[in-house]
There are 2 protein chains.
Amino acid sequence: MLRLTQSEENYLKAIFTLSQDTEGAISTNDLAEKMLTKASSVTDMLKKLCEKELLEYQKYQGCALTNSGKAHALAIIRKHRLWETFLVDKLNFGWDEVHEIAEQLEHIQSTELTDRLDEFLGFPKVDPHGEPIPGKDGRIESVSNRILLSESLVGMKAIVMGVEDDQTEFLQYLNKIGLHLGTPIDIADKLSFDGSVLVNMNGKQVQFSITIAKQISIKPL
Amino acid sequence: MLRLTQSEENYLKAIFTLSQDTEGAISTNDLAEKMLTKASSVTDMLKKLCEKELLEYQKYQGCALTNSGKAHALAIIRKHRLWETFLVDKLNFGWDEVHEIAEQLEHIQSTELTDRLDEFLGFPKVDPHGEPIPGKDGRIESVSNRILLSESLVGMKAIVMGVEDDQTEFLQYLNKIGLHLGTPIDIADKLSFDGSVLVNMNGKQVQFSITIAKQISIKPL
DNA sequence: AACTTTTTTTAGACTAGTCTAAAAATTAGA
DNA sequence: TCTAATTTTTAGACTAGTCTAAAAAAAGTT
Ligand SMILES: [Mn+2]
Ligand SMILES: [Mn+2]
Ligand SMILES: [Mn+2]
Ligand SMILES: [Mn+2]
């Protein structure tokens, strides 16, 4: 099996994630933004990953993962989410404290370790942020009926199913207002001029900006 | 706190380990051998680590860790041994399967993670190979009355307390002959011309070469 | 003390990953 | 469709870590 550096793995993961909500190829600039790096660095890396047949890349045309590239990305995501689950379930970290550590742990090379960790955790289906954990075979069980809070309709009742995991302050804010996975919410109103969502939860009303509302996924009841 | 690369950390650990059974400075060549690298590479790294005040180094004089360097080395060793303990105690790996994985895990940066892992494991005193685990403060509890099997005397009765951890085949061999931590042994004879040690254990007699006998530590009864 | 061998350092080169600045290609607009 | 703005690539430089080959220093030997 092809041996990858941490940097290569981080690129693959980023491309995979961007591909999730983009049809067609991923642009150099979008990837540079995601990776907090410069477009010229991205171009260099794309050439290398293309050489290793992890993605397809043609000058000025952006890139798209091959099946091999996707498999690698999913393996890294699997490890990331399993380790986050370990940190929260076994070591009692908060969901706002685990992403950075998992960014490191996801690069540990040992399939045996990953699979035993999975077993030790009882084969969890989702991580502490509600994201599905890919299985040993790389398959993600589709999460049913989820929509973004930003796409909800006034009057809906729903359950919080997932949140973005990579901003500590955002997660701490959710802690403060008492929003967790499983929290029931009512969509009270939406402000047409800025996209804010007014939500009733835990007996009080909270207003979420469109930015926040895009980072919370819910299951309408 | 000073941020170190994996390579720098591996050098510090190697220097610390070599210092354990060497008085005075560590030579460039010895370190190169330990690190499986070339003397010229070692010289470059020594300059860098000296610059960071992790060790003292003068041309042609070898090197010695400063207190800061020692503290860093002990922190890495602490993580290595805690992770090995986790792998064996919680994930049911064999003692022959964990060293390589721990070589990676020891570089994960998070004091909070290390300390919570320590607690999760019940504050173990020794790792799966019998090596003492440094505490949060970097102190190693001295392991009492241990000697190397190679230094034992004929007629001694003893208990196996520790083994070298870094050669998979060696540990598999010990598994095969049924030698574990806690195994009681009798020193039946020593061959003066090659240093071999004849040991009675588990009802049969085994002969250990001097090389092997130096990699097993025992506590005489 | 002089010569030889060993150890250690230096010099120069290479790869991986990143950057800035400039050139080239693509896309958008009039 | 021609020009302007944007995106992407190239060129060249830098750091970290490694290597080989050669020079310099230290240690060993007559
Ligand atoms: Mn995460
Ligand atoms: Mn990462
Ligand atoms: Mn080990
Ligand atoms: Mn290591």
Side-chain angles (χ1 to χ4, degrees), chain A residues 1-15 18-19 22-65 69 72-73 76 103-104 106-107 109, chain B residues 1-15 18-19 22-65 69 72-73 76 103-104 106-107 109:
Chain A
M1 240 251 195
L2 195 52
R3 173 82 158 220
L4 302 177
T5 67
Q6 293 208 180
S7 192
E8 290 172 323
E9 291 192 338
N10 286 334
Y11 272 95
L12 290 179
K13 192 170 59 134
I15 296 165
L18 287 174
S19 301
T22 316
E23 77 285 0
I26 300 303
S27 80
T28 302
N29 263 4
D30 286 358
L31 190 46
E33 188 182 5
K34 180 91 174 176
M35 292 295 296
L36 304 176
T37 187
K38 302 294 171 178
S40 55
S41 307
V42 170
T43 301
D44 287 347
M45 184 57 90
L46 290 182
K47 284 177 188 165
K48 183 154 53 128
L49 295 175
C50 185
E51 201 59 42
K52 296 189 180 182
E53 298 185 49
L54 293 160
L55 50 79
E56 283 169 69
Y57 165 69
Q58 284 170 247
K59 274 192 191 181
Y60 297 101
Q61 302 307 127
C63 69
L65 293 181
H72 278 275
I76 299 153
E103 275 300 313
Q104 301 175 61
E106 71 190 359
H107 302 292
Q109 307 268 8
Chain B
M1 240 248 194
L2 197 51
R3 172 84 160 219
L4 303 177
T5 66
Q6 292 207 182
S7 192
E8 289 172 323
E9 290 193 339
N10 285 334
Y11 272 95
L12 289 179
K13 191 171 61 135
I15 296 164
L18 288 173
S19 302
T22 316
E23 77 285 357
I26 300 303
S27 81
T28 301
N29 264 3
D30 286 358
L31 190 47
E33 188 182 3
K34 179 92 176 174
M35 292 294 296
L36 306 175
T37 188
K38 302 295 171 177
S40 54
S41 306
V42 170
T43 302
D44 286 347
M45 183 58 90
L46 291 181
K47 283 177 186 165
K48 183 155 52 129
L49 295 174
C50 185
E51 199 59 42
K52 297 189 181 184
E53 298 185 48
L54 293 160
L55 50 77
E56 283 168 69
Y57 165 70
Q58 283 169 247
K59 275 191 192 182
Y60 298 103
Q61 302 308 127
C63 69
L65 294 181
H72 277 275
I76 299 154
E103 276 300 313
Q104 300 176 61
E106 73 190 358
H107 302 292
Q109 307 268 6

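Letters go in sequence order (proteins before strands), and every chain restarts at 1. Please read these numbers as outputs of a predicted model, since none were measured by experiment. Both backbone and side-chain heavy atoms feed into the values below; hydrogens, waters and symmetry mates do not.
- Side-chain N/O atoms of A:K59 include none lying less than 4.0 angstrom from OP1 or OP2 on C:dT26.
- In this structure, the NZ atom of A:K38 is 10 Å from the P atom of C:dA21, given to the nearest Å.
- Nearest heavy-atom pair across B:L31 and B:A14 is CD1-CB, 3.9 Å.
- Residue A:N10 contributes atom CG, which lies 14 Å from atom C1' of C:dT18 at whole-angstrom precision.
- Toward the 5' end of DNA chain C, the nearer of the two residues B:A39 and A:E8, judged by each one's closest nucleotide, is B:A39.
- Rounding to whole angstrom units, CG of residue A:D44 and P of D:dA13 are separated by 15 Å.
- Considering every non-hydrogen atom in both B:E8 and B:K52, the closest pair reads OE2-NZ, 2.8 Å.
- The distance from atom OH of B:Y60 to atom P of C:dT10 is 6 Å, rounded to the nearest whole Å.
- Between the CG atom in A:D44 and the NZ atom in A:K38 there is a gap of 14.5 Å [rounded to 0.5 Å].
- Note on A:N29: every side-chain N or O is 4.0 Å or more away from OP1 and OP2 of D:dT6.
- Among the nucleotides D:dT18, D:dA16, C:dT9, the one closest to any side-chain atom of B:T28 is C:dT9.
- Note on A:S41: a base of the nucleic acid sits closer than 4.0 angstrom, heavy atoms only.
- In terms of phosphate contacts, B:Y11 brings a side-chain nitrogen or oxygen within less than 4.0 Å of OP1 or OP2 of D:dT18.
- The CG-C1' distance, from A:L46 to D:dT7, rounds to 14 Å in whole Å.
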From CA spacing to verdict: side-chain contact (heavy atoms from CB on, under 4.5 Å), A:H72, A:L2
CA-CA 9 Å; A:H72 278 275; A:L2 195 52; 4.2 Å; yes

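- Between A:L31 atom CG and D:dT7 atom P the separation is 15 Å, expressed in whole Å.
- Rounding to the nearest 0.5 angstrom, the gap separating the NZ atom in B:K34 from the CD1 atom in B:I15 is 11.5 Å.
- Atom CD in B:Q58 sits about 21 Å away from atom P in D:dA24, given to the nearest Å.
- Look at A:K47 and you won't find any side-chain N or O under 4.0 angstrom from OP1 or OP2 of D:dT9.
- Between A:Y57 and D:dT9, a side-chain N or O to OP1/OP2 separation shorter than 4.0 Å is present.
- The base of D:dT18 has none of its N or O atoms less than 3.5 Å from a complementary donor or acceptor on the side chain of B:S40.
- In this structure, A:Q61 atom CD and C:dT26 atom P are separated by 7 Å, rounded to whole Å.
- The side chain of B:M45 sits closest to D:dT18 out of D:dT18, C:dA24, C:dT9.
- Nucleic acid contact class of B:T43 (heavy atoms, under 4.0 Å, all strands): base.
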